[in-house]
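In what follows, a structure is listed as structure tokens, so that the remarks can point back to it.
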Amino acid sequence: MKNKVFISVISSAVIAFAMTGCSNPSQVTAAASPSYSQAGIHTGFKDNFMIGTALSADAILEKNHSTLNLVKREFNAVTAENVMKWELIHPKPNVYDFKAPDRLVDFAEQNNLFLVGHTLVWHHQRPDWIFENRNGSKVSREILLNRMEEHINTVAGRYQNRIDAWDVVNEALNDDGSLRESLWYEIIGEDYIEQAFIMAAKAAPKAKLYYNDYNLFEPAKREGAIKLIKNLQEKGIRIDGIGLQGHYGLYYPDLNQLENSIKAFAELDIDIFISELDITVLPLPNGENQGADISLDIKIEDKLNPYPNQLPSVVQAKLAERYQEIFAVFNKYKSSINRVTLWGISDANTWRNDWPVKGRTDYPLLFDRAMNKKSFVASLPLAE
Ligand code: XIL
């Protein structure tokens, strides 16, 4: 019932943006739901799931704390966007940099925020030395397992009672559901995932231990993840949850596929969460040259970066509608989903400005470039 009311609020707001061509649509929905828009986003979802964000090193170390003040008002969970990745926290053998991670842990603890460590074992954002002997040749399985263990003990062990959950392994699957042939896989073998979870459970016995990946709405990849999780469960190795990253767009994923994945993961009796939500409004670099309109004379760059100055109100309305329908799915499965984390705070600093094409102007998050909460946030559907 409540959802229906909110849907009708958002629909009127969508129509209002489209009709007025308003460049600052905040005026439209703020009037529709003023009390909620003043409160932190997490309070609106308190009966459903936590609402989190990812924090960059700049935000963590900022002198005037203005970003952190916004974060503690709006969110009740935080994830380290980069500062706990191997290349930053452990750039050289025996060299660790805990400055930003320690600050983040203090901040989360002082403000009672659920803290996710991201990530212990991943094929990206890690230094090459991990896999190499002094002469540049590849290390043995044994050496790599030792390095993995030393890293997990040092990092997860340092924060063992202070980090609530770890993304232990990130992106181990190909889109067809098979295991990615990363150097971890190549050198250790497919049990590197088991080993990482066993090591993490020893180093941080109280932390939740998670597997995290993208495109988990795709049926083949969903099956691969189910296999990976069941394998751990059958061997008695602790895995507590699965993170669906949630790097989405205006036209993907298919919401039925998303629902099917949530339902299937719910049967595994583990936590489910959306770990890295953002919704790009920009075109994908491929598949844009269909059709045969010979009057088109668009430079490729302009075509790929269509809103360098501001987002047209019709596209803003589409983004609002998309957030609305995606949150409606999350709400439907609120008993299975324990957290929805946005991958960043504002459009000014989102990684999507640089991915999959560098230097674009994207609008995927809930705060605009001036750090104002977008008007449609007030109309996101709440629990029934
Ligand atoms: C991204 C960060 O947001 C960027 O700042 C960084 O340059 C690259 O990595 N999947 C993940 C995240 O698990 O760690 C990635 O974060 C985005 C994709």
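Remember, it's 1-based here, ligands and their atoms both numbered in the order they're listed. Reckoned from all heavy atoms, side chains included, excluding hydrogens, waters and symmetry mates. Model, not experiment: these values are computed from the prediction. When a residue number appears, it is its place in the shown sequence, counting from 1.
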Among Tyr96, Trp184, Phe131, find the one that has a ring pair (Phe, Tyr, Trp, His ring centres under 6.0 Å) with Trp86. Trp184
Which N/O atoms of ligand 1 sit under 3.5 Å from a protein N/O, and at what distances?
from     : atom 1 : to     : atom 2 : distance (Å)
ligand 1 : 3 (O)  : Glu81  : OE2    : 2.5
ligand 1 : 3 (O)  : Trp343 : NE1    : 2.9
ligand 1 : 5 (O)  : Glu81  : OE2    : 3.3
ligand 1 : 5 (O)  : Asn82  : ND2    : 2.9
ligand 1 : 9 (O)  : Lys85  : NZ     : 3.2
ligand 1 : 9 (O)  : Gln125 : OE1    : 3.1
ligand 1 : 10 (N) : Glu171 : OE2    : 3.2
ligand 1 : 10 (N) : Gln245 : OE1    : 3.3
ligand 1 : 10 (N) : Glu276 : OE1    : 3.0
ligand 1 : 13 (O) : His118 : NE2    : 3.3
ligand 1 : 13 (O) : Asn170 : ND2    : 2.9
ligand 1 : 13 (O) : Gln245 : NE2    : 3.3
ligand 1 : 13 (O) : Glu276 : OE1    : 3.4
ligand 1 : 13 (O) : Glu276 : OE2    : 2.8
ligand 1 : 14 (O) : Lys85  : NZ     : 2.7
ligand 1 : 14 (O) : His118 : NE2    : 2.7
ligand 1 : 16 (O) : Lys85  : NZ     : 3.3
ligand 1 : 16 (O) : Trp343 : NE1    : 3.2

Which residues pass the salt bridge (charged side-chain N to carboxylate O under 4.0 Å, His left out) test with Glu171, sequence neighbours left out? none
Nearest 0.5 Å, please: how far is NE2 in His42 from CD in Glu74? 7.5 Å
Report yes or no: do Asn135 and Ser137 form a side-chain donor-acceptor pair below 3.5 Å? yes
Side chains of Asn231 and Lys235: do they bring a donor and an acceptor to under 3.5 Å? yes
Under 3.5 Å side-chain donor-acceptor pair for Thr350 and Arg352: no
